Novice: 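First, the structure itself, so that you have it in front of you.
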Amino acid sequence: MFSRLRSDIQCILDRDPAARSTWEVLTCYPGLHAIMLHRVAHGCWTHGFKWLGRFVSHISRWLTGIEIHPGAIIGERVFFDHAMGIVIGETAEIGDGCTIYQGVTLGGTSLYKGEKRHPTLGKNVVVSAGAKVLGGFLVGDGAKIGSNAVVIKPVPAGATAVGIPARIIPSKTGVSADVTTTQSQFSAYGITLDDDPVSQAMKGLIDNASSQEHQIALLWQAIEKLSAAPAQGAGRGCVPDDAAREETFEAEKLNQLMGK
């Protein structure tokens, strides 16, 4: 028990630069207190003392602002950072090394008792502030969920999910999408340096439209030259009055609006 507590404290010291000492973490971090009380509640729940487990979890919610159903399974070195407003459902499972920020909900979409209604988080998953993960699916090892994302389908290992509903930014070369160095590292709040998939698609459409307008302008310029050729008046007068001989598509301005 004490070795597990030391491990929980050390993981907070490793991930939170504001944590200055073991004593500070032990006395002032509600996320740690919620984990400790959940282990008591979960022990009562698994040994058949259902009401007592719920009562302990209720006391924990009142003291810490974190609501964890006593039936939920939580691994080692899990860190609830800031933590206020976290809600974790009965059939949720949280793997080792996960980090969960304030306002997160691991919720269920089914009303049938006895079913797997809540998500399973693999190892080292980061769920950012305000995110909602809803349903009995798997979020793979090393995945990251962006702030305020609403995730309603599985997230592959190492990928990043952003947006409402969440869109998936795939992992690259076997590492998480937000890791830009050769060494894997912890990413606070699951921040990703990659673009949102929708913004990538929009940029592709803008570039394609710009390229097409450029080609069309070149064609009209060529036809205009042919129309002006003196040889037997070939092609004379074939350029319409409203032909766009100059490019007007403002690709750079649109890319700036997209945040590029």
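We're numbering straight along the sequence, starting at 1. This structure is a prediction, so every number in the text was calculated from the model and none was measured.
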Novice: Could you check L32 against I12 for side-chain contact (heavy atoms from CB on, under 4.5 Å), going step by step and ending with a plain yes or no?
Specialist: CA-CA 9 Å; L32 177 64; I12 295 174; 4.0 Å; yes
Novice: For the residue pair D81 / Y29, report whether a side-chain donor-acceptor contact shorter than 3.5 Å exists.
Specialist: no
Novice: Apply side-chain contact (heavy atoms from CB on, under 4.5 Å) to the pair V25 and W23, showing each step before the final yes or no.
Specialist: CA-CA 5 Å; V25 171; W23 178 247; over 6 Å; no
Novice: I'd like to check E67 versus H58 (side-chain heavy atoms, cut-off strictly below 4.5 Å). Are they in contact?
Specialist: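 No, side chains not in contact.
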Novice: Hey, is the main chain of I74 close enough, under 3.5 Å, to the side chain of H42 for a donor-acceptor pair?
Specialist: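 It does not hold such a pair.
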Novice: For the OG1 atom of T99 and the CZ atom of R77, what is their distance to the nearest 0.5 Å?
Specialist: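 Output value for this atom pair is 10.5 Å.
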Novice: Taking I9 as the starting point, is it possible to reach M36 by hopping between hydrophobic residues whose side chains are less than 4.5 Å apart?
Specialist: yes
Novice: Which pair of heavy atoms, one from C98 and one from G122, lies closest together, and at what distance?
Specialist: SG-O, 3.0 Å
Novice: Scan L106, T105, I88, V150 and name whichever one has a side-chain contact (heavy atoms from CB on, under 4.5 Å) with V133.
Specialist: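 By the side-chain contact (heavy atoms from CB on, under 4.5 Å) criterion, V133 pairs with just one of L106, T105, I88, V150: L106.
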Novice: Is there side-chain contact between L13 and T22, with heavy atoms separated by less than 4.5 Å?
Specialist: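 Yes; the side chains approach each other to less than 4.5 Å.
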Novice: Write down the atom of A161, the atom of A149, and the distance for their closest heavy-atom approach.
Specialist: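 Here A161 and A149 meet closest at O-CB, 4.0 Å.
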Novice: Compute the ring centroids of W45 and F49, then answer whether they are less than 6.0 Å apart.
Specialist: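 Judged by ring-centre distance (under 6.0 Å), W45 and F49 do not meet the cut-off.
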Novice: With a 6.0 Å cut-off (strictly less than), is the heavy-atom count around CG of L26, excluding the residue itself, greater than 12?
Specialist: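 For L26, atom CG is crowded (more than 12 foreign heavy atoms under 6.0 Å).
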Novice: Closer than 3.5 angstrom, by distance alone: can the side chain of K123 be matched with the main-chain N or O of G140 as a donor-acceptor pair?
Specialist: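 No: the side chain of K123 does not pair with the backbone of G140.
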Novice: Could you measure the distance from the OG atom of S57 to the CD atom of E90? Nearest 0.5 Å is fine.
Specialist: 11.0 Å
Novice: Give me the atom names and distance for the closest heavy-atom approach of G107 to H118.
Specialist: C-CD2, 3.3 Å
Novice: Evaluate the side-chain contact (heavy atoms from CB on, under 4.5 Å) criterion for residues F79 and I100: first the C-alpha distance (whole Å), next the side-chain angles of each, then the deciding distance (0.1 Å), finally the verdict.
Specialist: CA-CA 6 Å; F79 178 26; I100 299 177; over 6 Å; no
Novice: Mind checking whether I168 and I164 sit in one hydrophobic cluster, side chains of I, L, V, M, F, W, Y counted as touching below 4.5 Å?
Specialist: no
Novice: Indicate the atoms forming the closest heavy-atom contact of M84 with Q102, along with that distance.
Specialist: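 Residues M84 and Q102, closest heavy atoms: O-CB, 3.5 Å.
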Novice: Go through the side-chain N and O atoms of R117 and T109 and say whether any donor and acceptor fall under 3.5 Å apart.
Specialist: no
Novice: Linking I/L/V/M/F/W/Y whenever their side-chain heavy atoms sit closer than 4.5 Å, directly or via other members, would L134 and V139 fall into one cluster?
Specialist: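 Cluster IDs for L134 and V139 differ.
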Novice: Please determine whether residues F137 and L121 belong to a single hydrophobic cluster, defined as Ile, Leu, Val, Met, Phe, Trp and Tyr linked transitively by side-chain heavy-atom distances below 4.5 Å.
Specialist: yes
Novice: Is a donor on one side and an acceptor on the other found under 3.5 Å between the side chain of S60 and the backbone of V56?
Specialist: no
Novice: What are the two closest heavy atoms between H38 and P70, and how far apart are they?
Specialist: CE1-O, 3.8 Å
Novice: Where do A41 and G53 come nearest, in terms of heavy atoms and distance?
Specialist: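 That closest heavy-atom pairing would be CB-O, 3.4 Å.
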Novice: Are I68 and W51 joined in one hydrophobic group, where the rule is that I, L, V, M, F, W and Y side chains link up if heavy atoms are under 4.5 Å apart?
Specialist: no
Novice: With a cut-off of 6.0 Å (strictly less than), are more than 12 heavy atoms of other residues, nucleotides or ligands near NZ of K116?
Specialist: yes
Novice: Looking at K50, I want to see if its NZ is surrounded by more than 12 non-hydrogen atoms of other residues, nucleotides or ligands under 6.0 Å.
Specialist: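 Yes - once you tally the heavy atoms of other residues, nucleotides and ligands closer than 6.0 Å, there are more than 12.
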Novice: Assess whether side-chain contact (heavy atoms from CB on, under 4.5 Å) is satisfied between V125 and D141, documenting all intermediate values.
Specialist: CA-CA 6 Å; V125 173; D141 294 350; 5.7 Å; no
